[in-house]
Amino acid sequence: MMQRSLFRQSRSLASCLSSSAQPSLARPQLRAAAIKFAPAARPALASRWYSSEPEKKEGEEKKDAEPTVDPLKKELEAKDKEIIDLKDKYLRSVAEFRNLQERTKRDMQSARDFAIQKFAKDLVDSIDNLERALSTVPEEKLNVKEKNEHQQDLVSLYDGLKMTETILMSTLKKHGLERFDPAVESEKFNPNEHEATFMTPMAGKEDNTVFHTQQKGFKLNGRVLRAAKVGVVKNS
C-alpha cells in the first residue's frame, strides 16, 4: 500500500512538470475574449505648468498695449505747430501794420485837407461883406449909356471889387474852399447842407424846394464848412 501511494504521487508530479513545459493549447477565441475583458490601461496624467511671473493689472496691460512714440516724430510735430503759430502771428502783424499805414495816410490827408479850416471860417465873413458891397450897387446905374464923372467912378469901383472877388474865389477854390448857392438850381432842401430860416407857400413849386438864399454856404474839400441859410417852399 505504501509503495502504491508513493508511485501514484510520483506519476502525478511528473505529469505536472510535463504539462508546464508544453506550450499553451488554448483556443484563439478564448484568448481574444480574455484580452477583450482585460482592464483598460489608465491614461497618463496631463502635466500642468504655472507661470512664475506676477499677474498684471488691467491698466498696466493697456499701457503695455500702447505703441511707443518716436521722439523724433514728436519733436517734428512740435516744430510744425510752432511754425504755424509763428506764421499766424506774422500775418496778423502784417495786417495790423497795413491798417496802421492806411489810418496814418487818411489822417495825414485829412490834416492837409482841413489844415486851413479855422482860417477859412474866419475868411467867409469877409467874403460875405464883399458880396454885400457889390450887391448894394443898383444895376441901372451900371448900365447907363452916358455916364458922368461920379457914375464912371462908381462903375470903376464896382469892376475892381468884382475882379477882386473873382480872383479871391478862384484862389480859395484851389485850396478846396468853394461857395454854393442852392437857390440857383432850385435844389431840394438838404438838412446836411441847408439851414431853413423860414417856410412859405409858393404856387408852381414843389414842397421842400429852396427858392431863396439869405446867406450862401461854403464847403471845404467836400465837407460843409457853413450851411446855407435858405427859404423853403411849404404848400401843404
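If you're wondering where the values come from, they're calculated on a predicted model, not measured in any experiment.
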Under 4.5 Å between side-chain heavy atoms, counting indirect links through other Ile/Leu/Val/Met/Phe/Trp/Tyr residues: same cluster for [X] and [Y] or not?
X    : Y    : result
I116 : L172 : yes
F114 : L123 : yes
F119 : L225 : yes
L130 : L157 : yes
L134 : V137 : yes

With side chains defined as the heavy atoms from C-beta onward, is the minimum distance between [X] and [Y] less than 4.5 Å?
X    : Y    : result
L142 : Y158 : yes
Q151 : E146 : no
N192 : V224 : no
S186 : V210 : no
K219 : R226 : no

Report task. Check the side chains of N148 and Q152 for a donor-acceptor pair under 3.5 angstrom, ignoring hydrogens and angles. Result -> no

For the [atom1] atom on [X], are there more than 12 heavy atoms of other groups (residues, nucleotides or ligands in this structure) within a distance under 6.0 Å?
X    : atom1 : value
K205 : NZ    : yes
Q101 : CD    : yes
K188 : NZ    : yes
E140 : CD    : yes

Report task. State yes or no: are the ring centers of F198 and F211 separated by less than 6.0 Å? Result -> yes

Query raised in the report: Cation over ring, K216 on F180, under 6.0 Å and within 45°?
Result: no

Is there a donor-acceptor contact under 3.5 Å from the side chain of [X] to the main chain of [Y]?
X    : Y    : value
D207 : N235 : yes
T166 : K162 : yes
D88  : I84  : no
S110 : R106 : no
T197 : V230 : yes

Between [X] and [Y], does at least one N-O distance fall below 4.0 Å, as a salt bridge requires?
X    : Y    : value
R223 : E193 : no
K105 : E102 : no
R112 : D107 : no
K118 : D122 : no

Value rounded to 0.5 Å, distance of [atom1] in [X] from [atom2] in [Y]:
X    : Y    : atom1 : atom2 : answer
L86  : K79  : CG    : NZ    : 10.0 Å
E131 : Q215 : CD    : CD    : 9.5 Å
S93  : R98  : OG    : CZ    : 12.0 Å
N190 : N208 : CG    : CG    : 11.0 Å
K234 : M199 : NZ    : CE    : 4.5 Å

Requested in this report: Carefully, step by step, assess D113 and L220 under the rule side-chain contact (heavy atoms from CB on, under 4.5 Å).
Outcome: CA-CA 8 Å; D113 292 342; L220 180 62; over 6 Å; no

Report task. Output, in order, the C-alpha distance, side-chain angles, deciding distance and verdict of side-chain contact (heavy atoms from CB on, under 4.5 Å) for R179 and M169. Result -> CA-CA 8 Å; R179 183 172 59 183; M169 295 308 300; 3.6 Å; yes

